[in-house]
Structures are given as C-alpha cells and as structure tokens.
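A quick write-up on the structure given underneath.
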Amino acid sequence: MKNVIIICLAACLCLVQTLAAQESRKYEIGVSTSYGLSLGQRGVSNNYGFDLSGGYKVNDHFSAGAGIGYVNYQSRLLPSGIERVVVQTEPYHAFRPYLYGRYDFLPDRKWTPFVGARMGYAFFSRTQMSFGLVYYDDGTVHPSDYEYLRDLDHTLNVKGSVYGAIDLGASLHLGKKGSKLSFGVSLDYQGVQFDYYRHSERRTNLTTGPRIGFTF
C-alpha cells in the first residue's frame, strides 16, 4: 500500500511539472525550506526540512497539487527501562510525499495573504540507529546502569505514519509571469513509532516555525 501511495504521488508530481513547462500561467512549481520548534513536548527536538512541489491553479484564489519533502529531526528522548534514566537517539530523518491545497485571499495585490494545508505520509530512510546520551533527570549517571545499557542491543527502528501541516503567511509577487516569494509559519504534525529493546513507543512530533518558499 505504501509503495502504491509513493508511485501515485510521484506520477502526479511528474505530470504537473511537465504541464508547467507548457503553460506556466495555470501550473506552478514550488520549492521551500522550513525550521520547526518543538511545542513544549518533553524529549522532542527541533527540525528542518525542504520541499519540492507542483500544482494546478484552479482559479485566481485556489491551487492544489502534490509534492515531496525531506525532514530531519535532531534527536529524541525515550525511556530506557530503568527508573529516571532516559536515552537520546541520533538524528533521524524522513522523506514525506504529500498532497496540498492553498488559498490566496488577494491574488491581484503585490502582497497576497494565504492559508494552506499539506497531508501525506512519512517514510524514514534510516531505520538503524544507536543511542547516544544516557543520563538521569538531574544530570547524573550511575556507572552500573550505564554499563547495563551499553551492553544491550541499541538497534532502533523508526516507523513513520500520517503527516499533516497548516501554513499561514503572505506571498510577494515578483513579476507578471506568476513568480512569487512566500513567507509564513507552519504547524507540523508527524506521528512516529520507535521500536527498541523490548519497547515500542508511539509518539507525536508537533512543531511550529518559519517557512520560506519560491513559486514559479
């Protein structure tokens, strides 16, 4: 099922890009970069990402299309199985195909406020990782606990799930051909499952931060 989703989204993106080269007024290609800050969740790190998308302008206000993004999470704190001891993963990252929609409120103005949404699925490309730091909440480590954890199998399997985001911002029109530079803020939801030792932890990465993009 996952392979079917990837193939369908990739086919949609290739089709949109081909049509965009033929009739740039109705079709658009966009690139963007973003940085996400954790919303107060214990153990969730910040992240950064990049996106490539292609879409169709249904009318002056509404556009829709498909894209693929890359996101990198710096780390994650997880229970170790020992009381008051947590472990920290290495950075983990994913490729996220998605569908999107965007509504421009004032398309004829130089500055155009917009609201958009993205929905897709995350596929983590690196699924074998080892744990890094081992420490108590107060910053101390007991040698026997550290040696016990050190001798365990530190293989970590990361599984993705549904991904969603809401974008709010404004676009600056750069010319008559439809090119524009966008500045906004995104709220990003990503479900993740971590399998390690004999544990299975299902967590939600909820982040928000700036997003800058260019559409032509």
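Worth knowing before you read on, the calculation uses all heavy atoms, side chains too, and leaves out hydrogens, waters and symmetry mates.
- Annotation: salt bridge (Lys or Arg N to Asp or Glu O under 4.0 Å) contacts of R102 (sequence neighbours excluded): E28, D104.
- Side-chain contact between L99 and M119 is absent, with no heavy atoms from C-beta onward closer than 4.5 Å.
- Applying the salt bridge (charged side-chain N to carboxylate O under 4.0 Å, His left out) test to pairs two or more places apart or on separate chains, those with a residue in residues 110-122 are R118-D167.
- F214 contributes atom CZ, which lies 7.5 Å from atom CG of L181 (distance to the nearest 0.5 angstrom).
- With rounding to the nearest 0.5 Å, the separation of OG in S38 from CD in Q74 is 10.5 Å.
- In terms of hydrophobic clustering, with Ile, Leu, Val, Met, Phe, Trp and Tyr side chains grouped at heavy-atom distances under 4.5 Å, V31 and L172 are assigned to a common cluster.
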Item to check | side chain to side chain contact (heavy atoms under 4.5 Å, CB included) between T89 and L78, worked out | outcome: CA-CA 8 Å; T89 71; L78 297 169; 3.8 Å; yes

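- The two residues Y98 and G69 come nearest to each other via the heavy atoms CE2-N, 3.8 Å.
- Between the side chain of S182 and the backbone N or O of A170, no donor-acceptor pair lies under 3.5 Å.
- Applying the side chain to side chain contact (heavy atoms under 4.5 Å, CB included) rule to Y48 yields the partners Y35, F50, Y70, N72; only residues at least two apart in sequence or on another chain are considered.
- In this structure S32 satisfies the side chain to side chain donor-acceptor pair (under 3.5 Å) test together with R211, sequence neighbours excluded.
- Taking every heavy atom of both residues into account, G191 and S161 meet most closely at O-OG, 3.0 Å.
- With sequence neighbours left out, the side chain to side chain contact (heavy atoms under 4.5 Å, CB included) criterion links L106 to R109, P113.
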Next on the checklist: Set out, in order, the CA-CA distance, both residues' side-chain angles and the distance that settles side chain to side chain contact (heavy atoms under 4.5 Å, CB included) for I68 and R96, then state yes or no.
Outcome noted: CA-CA 5 Å; I68 186 167; R96 310 193 294 189; over 6 Å; no

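- Side-chain heavy atoms closer than 4.5 Å link hydrophobic residues (I, L, V, M, F, W, Y) into clusters, and following such links, even through other members, never connects F114 to Y100.
- With no hydrogens or angles considered, no side-chain donor-acceptor pair links T207 and N46 at under 3.5 Å.
- A heavy-atom distance below 4.5 Å is found between the side chains of L187 and L206.
- Partners of L168 according to the side chain to side chain contact (heavy atoms under 4.5 Å, CB included) rule, which considers only residues two or more places apart in sequence or in another chain, are V115.
- Atoms CD1 and OG1, from I29 and T215 in turn, are 10.0 Å apart once rounded to the nearest 0.5 Å.
- Distance alone, capped at 3.5 Å, places no donor-acceptor pair between the S179 side chain and the L174 backbone.
- Remark: aromatic rings of F194 and Y92 are close, center separation under 6.0 Å.
- Residues passing the side chain to side chain donor-acceptor pair (under 3.5 Å) test with Q193 are D195, S200, R202, sequence neighbours excluded.
- With sequence neighbours left out, Y189 forms a ring pair (Phe, Tyr, Trp, His ring centres under 6.0 Å) with no residue at all.
- Note: F183 and W111 have tilted aromatic rings, judged against thresholds of 30 and 60 degrees for the angle between ring planes.
- Note: F105 and Y103 have perpendicular aromatic rings, judged against thresholds of 30 and 60 degrees for the angle between ring planes.
- Between N157 and Y196 the shortest side-chain heavy-atom distance does not fall below 4.5 Å.
- Note that OH of Y73 is 6.0 Å distant from CZ of F124, once rounded to the nearest 0.5 Å.
- A distance of 7.0 Å separates OG in S34 from CG in D188, rounded to the nearest 0.5 Å.
- Under the side chain to side chain contact (heavy atoms under 4.5 Å, CB included) criterion, V58 pairs with Y56, F62, sequence neighbours left out.
- Scanning for side chain to side chain donor-acceptor pair (under 3.5 Å) contacts around T112 gives H173, with sequence neighbours left out.
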